[in-house]
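Here's the structure, in structure tokens; my notes come after.
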Amino acid sequence: MTAPANAVPERAEQSLRQTLLSPGYRRLLLLCVLLGVPIALACFFFVGLQHELQHWVWTSLPEAAGYDAPPWWWPLPALVLAGLVLAPIVTRMPGGGGHLPVNGLGGAPVGPRALPGAVLAALATLPLGVVLGPEAPLMAVGSGLALLALRRAGAGGDQRAGAILATAGSTAAISTILGGPIAAAVLLIEGAGLAGTQLVALLLPCLLASATGALVFTGFGQWTGLEIGALALPELPPQAGPDSGDFLWGLPTAALIAVLVTLARGLGHRTVAWTRHRTAARTVACATAVGVCVAAYALITGRSPAEAALSGQATLAQLAAHPHAWSVGALVALVVCKGLAWGIALGALRGGPIFPSVLLGAATALACSGLPGFGATPALALGISAAAAAVTGLPLASAVLAVLLMGRDAHDQTPLIVMASVVAFVVAQLVRRTKPEAGGAAPGGAPAPGAAR
């Protein structure tokens with residue numbers, strides 16, 4: 001005899017109610033609220049310090065040396081130094097300085113023992129221009145501190161609670177630079193691949209921790225005056241709704257972006273294989289190669305090498321505010337040189353993969369925006385969405401990120417944003433041949449449930 005059609009939903013609802021009303025789960029929610037504050041504070045000072053070091057390396061130090069802007073050769077000693085600093089961290093410290101960015105944001109949680117190496121690798125190398133973002137180190141800070149708190153509370157043996165708290169800590173950390181808890185929550189929903197009661201039970205702690213952390217992060221930014229360099233577009237091109245020309249050129253452009261991002265990730269996988277032997281020396285060699293790519297951009301274009309170095313937040317904001325300040329040749333040079341540097345960095349250095357890919361997508365789309373009927377505003381929107389979808393494998397989260405960044409211009413661009421995200425996701429799946437390493441990222445580089453870094 002078959003069960004009634006509504007029996008399964010009723011059992012699921014009853015199971016969810018029991019989970020939500022259980023004392024252990026309520027204590028877990030309270031702990032996530034409390035953890036959101038120290039995690040946000042740690043992330044705030046981490047990103048603030050990284051931003052200050054970056055400003056010192058690329059602005060204050062060149063000015064002190066008598067240059068108005070960093071000269072073309074500036075990335076060479078900076079990246080050699082980054083490689084020399086990173087090599088002993090990768091080969092000798094627990095955790096190897098964090099997970100490889102070519103595998104996305106997934107992998108086992110970064111525990112308290114591996115956290116110092118991940119933090120040191122990020123603070124010592126990201127400001128020097130390794131062409132990676134702060135998102136993965138931030139997630140490592142979140143998961144490491146959450147697991148440390150659980151261990152201090154005497155519940156370190158509870159693997160389920162540890163998985164949920166690690167994910168909540170990572171989500172709280174990443175929300176601080178993704179515009180708040182909404183984008184981080186959508187990323188979690190799509191990346192975890194859960195459903196029903198499992199999804200709600202995991203989502204609620206992450207929402208609480210990330211919302212609490214966002215409040216603290218915003219408040220400290222106002223009180224201290226420190227800049228954190230979060231991914232944001234304070235100025236945008238003039239608002240213009242997409243028309244047939246934008247779709248005609250935009251969707252092939254999204255496919256092109258997906259191909260470029262996927263090829264760069266393929267270079268990252270080959271770099272991983274190359275650096276498995278003689279890791280220290282080859283890590284330095286890869287960092288030097290990144291510096292050569294960045295210096296080549298400055299030599300070719302006559303522009304500052306800082307535009308191709310670093311994670312890309314500042315350059316993305318400049319592109320959005322003044323999309324016509326770059327010639328098509330400069331944009332192409334940025335995509336080629338930064339793309340090569342990013343691909344090498346993905347497999348050898350440490351940091352996050354998303355922010356540089358977003359800049360590459362925006363630059364590619366803006367280079368194509370001179371085509372008849374293709375506007376700069378739609379190009380910027382679809383470039384962000386397509387690149388994020390290609391690198392993360394999360395089309396919904398990527399579309400939400402693009403909508404948040406576009407702000408008031410997002411309403412009219414939403415159909416193009418969503419279609420570009422889907423096209424890029426599909427094309428990336430067709431082009432990509434290298435599978436993530438076992439125990440690493442979920443499909444597309446998304447965080448696996450309970451395993452976000």
Side-chain angles (χ1 to χ4, degrees), residues 75 79 99-106 126 129-133 135-136 253-275 283 285-294 296-297 300 307-313 315-316 319 331-368 382-394 398 420-421 423-437 440-441 443-446:
L79 269 300
H99 84 301
L100 284 168
V102 74
N103 290 328
L105 298 177
L126 290 182
V130 297
V131 197
L132 293 168
E135 60 272 19
T253 300
L256 173 61
I257 292 169
V259 171
L260 294 175
V261 169
T262 306
L263 289 177
R265 290 191 71 187
L267 174 59
H269 282 288
R270 287 189 287 272
T271 304
V272 171
W274 188 67
T275 55
T283 297
C286 288
T288 304
V290 170
V292 170
C293 293
V294 175
Y297 166 78
I300 293 169
E307 295 174 352
L310 309 171
S311 62
Q313 298 106 299
T315 307
L316 180 63
L319 274 176
L331 289 172
V332 171
L334 178 63
V335 171
V336 172
C337 295
K338 190 178 182 72
L340 286 173
W342 179 61
I344 296 169
L346 285 175
L349 308 181
R350 297 298 184 270
I354 298 177
F355 285 17
S357 70
V358 169
L359 174 59
L360 291 173
T364 302
L366 287 174
C368 298
L382 76 87
I384 293 171
S385 179
V391 75
T392 65
L394 306 176
S398 301
S421 180
V423 168
F425 170 76
V426 172
V427 172
Q429 298 303 312
L430 294 174
V431 174
R432 191 177 64 203
R433 297 179 180 178
T434 305
K435 296 182 179 179
E437 294 182 357

Could you tell me whether a side-chain N or O of [X] sits under 3.5 Å from a main-chain N or O of [Y], the two making a donor and an acceptor?
X      : Y      : result
Ser357 : Ile354 : yes
Ser385 : Leu382 : no
Arg265 : Val102 : yes

Please name the pair of heavy atoms, one in [X] and one in [Y], separated by the smallest distance, quoted to 0.1 Å.
X      : Y      : result
Ala254 : Ala424 : O-CB, 3.9 Å
Ala389 : Ser398 : N-OG, 2.9 Å
Thr253 : Cys368 : OG1-CB, 4.0 Å

- Query: Looking at Val358, Thr392, Val391, Val431, which one forms a side chain to side chain contact (heavy atoms under 4.5 Å, CB included) with Val261?
  - Reply: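 When side chain to side chain contact (heavy atoms under 4.5 Å, CB included) is applied between Val261 and each of Val358, Thr392, Val391, Val431, only Val391 qualifies.
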- Message: Applying side-chain contact (heavy atoms from CB on, under 4.5 Å), can you list everything that pairs with Val292, at least two apart in sequence or on another chain?
- Response: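 With neighbours one apart ignored, the set is Leu76.
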Rounded to the nearest 0.5 Å, what's the gap from [atom1] on [X] to [atom2] on [Y]? Could you check?
X      : Y      : atom1 : atom2 : value
Leu260 : Leu360 : CG    : CG    : 8.0 Å
Cys286 : Leu79  : SG    : CG    : 11.0 Å
Leu319 : Leu359 : CG    : CG    : 6.0 Å
His269 : Leu267 : NE2   : CG    : 10.5 Å

Cut-off 3.5 Å, no hydrogens considered: what does the side-chain donor-acceptor table look like for residues 332-349, sequence neighbours left out?
residue : atom : partner : partner atom : Å
Lys338  : NZ   : Ala308  : O            : 2.9
Lys338  : NZ   : Ala309  : O            : 3.3
Lys338  : NZ   : Leu310  : O            : 3.1
Trp342  : NE1  : Pro353  : O            : 3.4

- Is any side-chain heavy atom of Leu126 less than 4.5 Å from a side-chain heavy atom of Arg350?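 SC-SC contact between Leu126 and Arg350 ruled out.
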